[in-house]
Amino acid sequence: MPKDQKLYIRKNSKIHASGLFAKADIEPGSRIIEYRGLKITKAQSDKIADVHIAANKKQGTVGAVYIFTLNERFDINGKVSWNLAKYINHSCNPNCETDIVRGKIWISAIKNIKKGEELTYDYGYDMDSFEDHPCRCGSKNCLGYIVRSNLRWRVEKKIKEKKTKKQFNKIFIHR
């Protein structure tokens with residue numbers, strides 16, 4: 001595919017409403033799309049995220065916070081019409097990653113991606129309010145929450161602790 005042609009197309013996704021899919025086979029290391037939006041301060045970012053999260057809870061939905069960390073001072077608010085990268089969904093077994101190069105956020109392939117395959121990356125969320133971010137990626141190693149890979153063992157531990165506590169309560173308290 002020529003360099004100036006888009007490597008992706010937006011379609012319905014099994015993971016979450018819309019997604020971006022490979023328009024052709026993509027090789028590892030290929031830059032696919034830039035994550036674009038409005039450059040905002042961290043203070044603005046926190047306020048916008050709080051508003052979006054509150055609106056999602058009110059509507060009974062999840063997701064729809066398109067704020068991406070750019071550096072220590074600024075974030076990118078990707079909830080703009082010209083940012084198609086906002087449709088790339090999270091996966092616990094992603095085929096893409098993000099790279100920040102000269103103040104731009106790029107989504108690049110980390111493995112061979114076949115034509116028609118959905119483009120995904122690890123959103124890299126931390127443990128703060130992980131239960132507010134359910135994951136529907138369906139990969140074998142998915143724990144049901146969007147948390148960066150190096151923290152998933154903590155989520156797994158918390159899930160096991162909750163199950164143990166529920167089983168204990170069921171046996172000893174509700175007799």
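Numbers for residues simply follow the sequence, beginning at 1.
Taken together through direct or relayed side-chain contacts under 4.5 Å among Ile, Leu, Val, Met, Phe, Trp and Tyr, Ile9 and Leu7 form parts of separate hydrophobic clusters. Clustering ILVMFWY residues whenever any of their side-chain heavy atoms sit less than 4.5 angstrom apart, transitively, puts Tyr145 in a cluster other than the one holding Trp153. Residues Ile107 and Ile15 are members of separate hydrophobic clusters, defined by side-chain heavy-atom contacts under 4.5 angstrom among Ile, Leu, Val, Met, Phe, Trp and Tyr.
Atom-to-atom distance recorded for Ile33:CD1 and Asn83:CG is 6.5 Å, nearest 0.5 angstrom. Atom NZ in Lys79 sits 9.5 Å away from atom CD1 in Ile67 (nearest 0.5 Å). Interatomic distance, CG of Asn150 versus CG of Asp122, reported as 8.5 Å (0.5 Å rounding). Ser91 contributes atom OG, which lies 10.0 Å from atom CD1 of Ile146 (distance to the nearest 0.5 angstrom). Taking CG of Leu143 as the start and NZ of Lys157 as the end, the distance is 14.5 Å to the nearest 0.5 Å. To the nearest 0.5 angstrom, Lys11 atom NZ is 11.5 Å from Lys23 atom NZ.
Shown here for Cys92 and Ser139, the closest heavy-atom pair between the two residues is CB-OG, 3.5 Å. Summarising the geometry of Ile113 relative to Ala22, their closest heavy-atom pair is CG2-CB, 3.8 Å, with the distance given to 0.1 Å. Nearest heavy-atom pair, Ser45 versus Asp75, reported as atom, atom and distance to 0.1 Å: OG-OD2, 2.7 Å. The heavy-atom pair separating Phe21 from Ser13 by the smallest distance is CZ-CA, 4.1 Å.
Of the options Phe68, Trp106, Tyr66, Trp82, a ring pair (Phe, Tyr, Trp, His ring centres under 6.0 Å) to Tyr35 is made by Phe68 and by none of the others.
Looking only at side-chain heavy atoms (C-beta outward), Phe74 and Ile40 stay at 4.5 Å or farther from each other. By the 4.5 Å heavy-atom criterion applied to side chains, Arg154 and Val147 are not counted as neighbours. At a threshold of 4.5 Å between non-hydrogen side-chain atoms, the residues Leu119 and Ile26 count as touching. Asn112 is listed as a side-chain neighbour of Pro28, based on a closest heavy-atom distance under 4.5 Å.
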Residue pair Leu70, Ile105: steps toward the side-chain contact (heavy atoms from CB on, under 4.5 Å) verdict: CA-CA 7 Å; Leu70 181 60; Ile105 302 165; 3.9 Å; yes
Test side-chain contact (heavy atoms from CB on, under 4.5 Å) on Glu34 and Ile76 and set out the steps. CA-CA 11 Å; Glu34 180 185 353; Ile76 296 293; over 6 Å; no
Show the numbers, then the answer: is there a side-chain contact (heavy atoms from CB on, under 4.5 Å) between Asp25 and Lys114? CA-CA 5 Å; Asp25 291 348; Lys114 296 287 184 202; 4.0 Å; yes
Working note: Ile88 + Ile32, criterion side-chain contact (heavy atoms from CB on, under 4.5 Å); need CA distance, chi angles, decisive distance, verdict. CA-CA 11 Å; Ile88 299 177; Ile32 299 170; 5.8 Å; no
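Listed by chain and number, the residues in a salt bridge (Lys or Arg N to Asp or Glu O under 4.0 Å) with Glu131 are Lys162 (sequence neighbours excluded).
Using a 3.5 Å distance cut-off with no hydrogens or angles, the side chains of Gln44 and Thr41 do pair a donor with an acceptor.
Around atom NZ of Lys42, more than 12 heavy atoms belonging to other residues, nucleotides or ligands sit under 6.0 Å away. Taking a 6.0 Å sphere around CZ of Arg148, one finds it holds more than 12 heavy atoms contributed by other residues, nucleotides or ligands.
The aromatic rings of Tyr123 and His90 lie perpendicular to each other, with more than 60° between the two planes, well past the 30° mark.
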Show which side-chain atoms of residues 93-104 pair as donor or acceptor with protein atoms under 3.5 Å away, not counting sequence neighbours.
from  : atom 1 : to     : atom 2 : distance (Å)
Asn93 : OD1    : Lys111 : NZ     : 3.3
Asn95 : OD1    : Thr120 : N      : 2.9
Asn95 : ND2    : Glu117 : OE2    : 3.2
Asn95 : ND2    : Glu118 : O      : 2.8
Asp99 : OD2    : Ser108 : OG     : 3.4

